[in-house]
Protein chains: 2
Amino acid sequence: MATGRPHRPATRSRGIPEATVARLPLYLRALTALSERSVPTVSSEELAGAAGVNSAKLRKDFSYLGSYGTRGVGYDVEYLVYQISRELGLTQDWPVVIVGIGNLGAALANYGGFASRGFRVVGLIDADPELAGRQVAGLTVLHSDELERVVEENGVSIGVIATPAGAAQQVCDRLVAAGVSSILNFAPSVLAVPDGVDVRKVDLSIELQILAFHEQRKAGENAAALPEPENGEVTPVEPPATAAVTRGRTDREGQPARPDGGPDSDGGTDSAPAVMPA
Amino acid sequence: MATGRPHRPATRSRGIPEATVARLPLYLRALTALSERSVPTVSSEELAGAAGVNSAKLRKDFSYLGSYGTRGVGYDVEYLVYQISRELGLTQDWPVVIVGIGNLGAALANYGGFASRGFRVVGLIDADPELAGRQVAGLTVLHSDELERVVEENGVSIGVIATPAGAAQQVCDRLVAAGVSSILNFAPSVLAVPDGVDVRKVDLSIELQILAFHEQRKAGENAAALPEPENGEVTPVEPPATAAVTRGRTDREGQPARPDGGPDSDGGTDSAPAVMPA
DNA sequence: GTATCTTTGTGCACGCGTTCACAAGGGCAT
DNA sequence: ATGCCCTTGTGAACGCGTGCACAAAGATAC
């Protein structure tokens with residue numbers, strides 16, 4: 001998942017919990033599919049199954065929006081689609097700019113999921129003069145100089161950053177200065193923004209690293225469960241050699257020593273050395 | 001953030017909280033940057049700033065890994081990089097396959113962030129016979145028929161799905177059957193997997209919809225704060241016409257009526273109609 | 001009109017995650 | 001060696017999110 005990031009005290013005013021907001025698009029997608037199959041009503045149990053969540057959670061989520069169900073029957077699909085769309089703000093048209101038209105930016109520009117839900121790409125922007133003028137996804141790529149103009153002329157409030165990490169903060173600053181107040185950031189960098197600006201981050205590398213963590217633990221479980229040592233002298237759970245062979249992984253070499261002369265917590269227990277990634 | 005998804009009771013065994021695991025890659029990135037600048041030590045305050053989190057949270061996160069800091073001084077950068085890398089499993093080599101080499105799949109294949117942290121793309125797979133044989137990011141695209149072979153020969157345990165939604169579940173099933181136990185899913189669909197398989201979802205459309213929700217609320221705040229009505233008859237917070245003009249948005253038309261003959265909760269209060277997205 | 005059945009909506013309790021605030025601990029100056 | 005100062009590590013309190021379990025409410029059959 002893209003990593004969440006708070007920003008405001010939470011969800012204020014009408015007080016729809018952030019966790020619920022994050023699930024609404026999921027429900028909406030499932031409901032849209034039902035709508036296309038002309039299914040008139042759906043129970044919380046069915047819909048929860050389609051969305052991959054617990055039915056109690058779904059009912060509680062909907063209860064924040066109001067009482068849109070009918071006891072003994074379920075929810076009216078069309079009506080619920082409308083209510084959720086409205087709640088999410090999808091009944092409006094949201095002009096979007098994408099900055100950084102590399103592989104990822106081009107992929108985003110071509111992504112059909114945007115247009116289908118009220119999002120309209122109105123500008124593709126790149127710093128490379130070579131790209132300016134090229135056609136991508138039916139739009140002409142503009143040079144960075146045009147960023148402010150495009151944002152202001154189209155009343156853009158949502159910007160997508162798909163530049164390299166080094167350029168992200170600068171692009172972000174310019175977007176914000178031009179009037180953008182919501183940013184979807186694909187660059188692997190932490191963005192500093194003023195109050196009132198929302199940033200959501202999607203980081204492919206982080207997602208993979210989280211998967212690797214769980215994968216490593218799974219591998220460790222298949223081996224004998226080591227007794228837990230006490231007192232901060234942590235015994236690392238290393239995937240045993242058998243697992244490494246089984247799945248064809250290879251460990252690398254080199255390992256920094258503990259900086260001070262203090263006790264090396266890995267002493268004797270960590271037989272699988274490593275080097276830090278670039 | 002990419003939307004999280006639980007699956008197992010939480011983080012078991014050595015008990016590093018899931019939320020902490022999700023932040024470790026963030027710390028690692030900041031530490032790597034410091035390492036490249038040859039900074040020897042860093043305080044929790046500095047590092048927290050660079051990672052965009054609270055310093056108390058950072059210290060608590062690190063406390064789950066062990067006592068790696070020095071009071072009065074801070075943390076040794078190199079040593080911490082190593083410890084986090086090891087904890088995340090990045091000291092191993094993780095072969096990865098990417099299925100679905102469209103715009104997004106190609107972008108992922110070219111993404112440098114993979115290789116730099118122990119992830120090695122060993123297979124690009126697509127169902128389109130046209131693509132088979134083409135070179136993408138220095139690798140030859142293989143046809144879907146080869147999926148099982150590539151997974152087994154390389155001992156792949158992490159798979160990336162970048163196919164259209166319709167193909168995702170089938171691809172997922174085949175990956176799992178072939179031995180993959182961690183999946184990063186970019187397709188907008190809910191994947192059903194057996195126990196023991198981890199799925200993380202990255203959904204661009206959902207991220208945008210969450211931004212739209214907050215953006216809509218921001219617009220609503222600038223107008224007069226409506227008094228909250230009681231009794232489930234929810235008065236929608238509609239961005240007033242002034243805001244729409246200011247930012248150049250346009251509302252669409254059409255709105256489903258409430259299914260039963262019951263009270264229309266929007267009666268008189270919701271002047272901004274809408275249509276559901278495709 | 002009454003009884004029964006189905007499904008919603010929610011009160012409540014529990015657990016995870018965050019934050020505060022401070023004691024413990026190590027360096028450094030004197 | 002001693003005392004001061006700085007930063008870590010963590011106990012405790014709080015708040016959010018989840019899931020259970022059930023009462024409320026509408027539909028349906030008779």
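These numbers were taken from a predicted model, which means no experiment stands behind them. Every chain is numbered from 1, with letters handed out A, B, ... down the list of sequences.
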Exercise. Heavy-atom distance under 4.5 Å between the side chains of A/Phe62 and A/Tyr68, does that happen here?
Worked result: no
Exercise. Relative to the 5' end of DNA chain D, which residue comes earlier, B/Gly72 or A/Arg23, by the nucleotide with the nearest heavy atom?
Worked result: B/Gly72
Exercise. So, is B/Ser44 near the phosphate of D/dT8, with a side-chain N or O under 4.0 Å from OP1 or OP2?
Worked result: yes
Problem set entry | Residue-phosphate contact under 4.0 Å: B/Ser43 side-chain N/O, D/dT7 OP1/OP2 | no
Exercise. Between A/Tyr64 and D/dG17, is there a side-chain N or O to OP1/OP2 distance below 4.0 Å?
Worked result: no
For this session: Go through C/dT19, C/dG9, D/dG9 for me and flag the one nearest to the B/Ser67 side chain.
Result: D/dG9
Problem set entry | Student check: side-chain heavy atoms of B/Arg29 and A/Asp203 closer than 4.5 Å | yes
For this session: Figure out the NZ/P separation between A/Lys57 and C/dT8, and round it to whole Å.
Result: 17 Å
For this session: Could you tell me the separation between the CZ atom of B/Arg59 and the P atom of C/dA23, rounded to a whole number of Å?
Result: 15 Å
Problem set entry | Under-3.5 Å donor-acceptor pair between A/Lys60 side chain and D/dG17 base | no
For this session: Figure out the CD/P separation between A/Glu18 and C/dT18, and round it to whole Å.
Result: 14 Å
Problem set entry | OH-CG distance between A/Tyr27 and A/Leu88, expressed to the nearest 0.5 angstrom | 11.5 Å
Problem set entry | Separation of atom CG in B/Leu65 from atom P in D/dT8, rounded to whole Å | 15 Å
For this session: Could you state the atom-to-atom distance from CG of A/Asp61 to P of D/dT18 in whole Å?
Result: 7 Å
Exercise. Taking the nucleotide of DNA chain C with the closest heavy atom to each, which residue, A/Val73 or A/Ser63, is nearer the 5' end?
Worked result: A/Val73
For this session: Could you tell me whether a side-chain N or O of B/Thr32 sits under 3.5 Å from a main-chain N or O of B/Leu28, the two making a donor and an acceptor?
Result: yes
Exercise. Does A/Thr20 or A/Arg71 map to a spot on DNA chain D nearer the 5' end, using the closest nucleotide for each?
Worked result: A/Thr20
Exercise. Between A/Asp76 (CG) and D/dG26 (P), how many Å, whole number?
Worked result: 16 Å
Exercise. CD of B/Glu45 versus P of C/dT19: gap in Å, rounded?
Worked result: 13 Å
Exercise. Within the structure, does a side-chain N or O atom of B/Tyr75 lie under 4.0 Å from either OP1 or OP2 of C/dG26?
Worked result: no
Exercise. With a non-hydrogen cut-off below 4.0 angstrom, is B/Phe62 in contact with a base, only sugar-phosphate, or nothing?
Worked result: nothing
Exercise. Once you round to the nearest 0.5 Å, how far does CG of A/Asn54 lie from NZ of A/Lys60?
Worked result: 11.0 Å
Exercise. Could you state the CG-P distance from A/Leu58 to C/dG9, rounded to the nearest angstrom?
Worked result: 10 Å
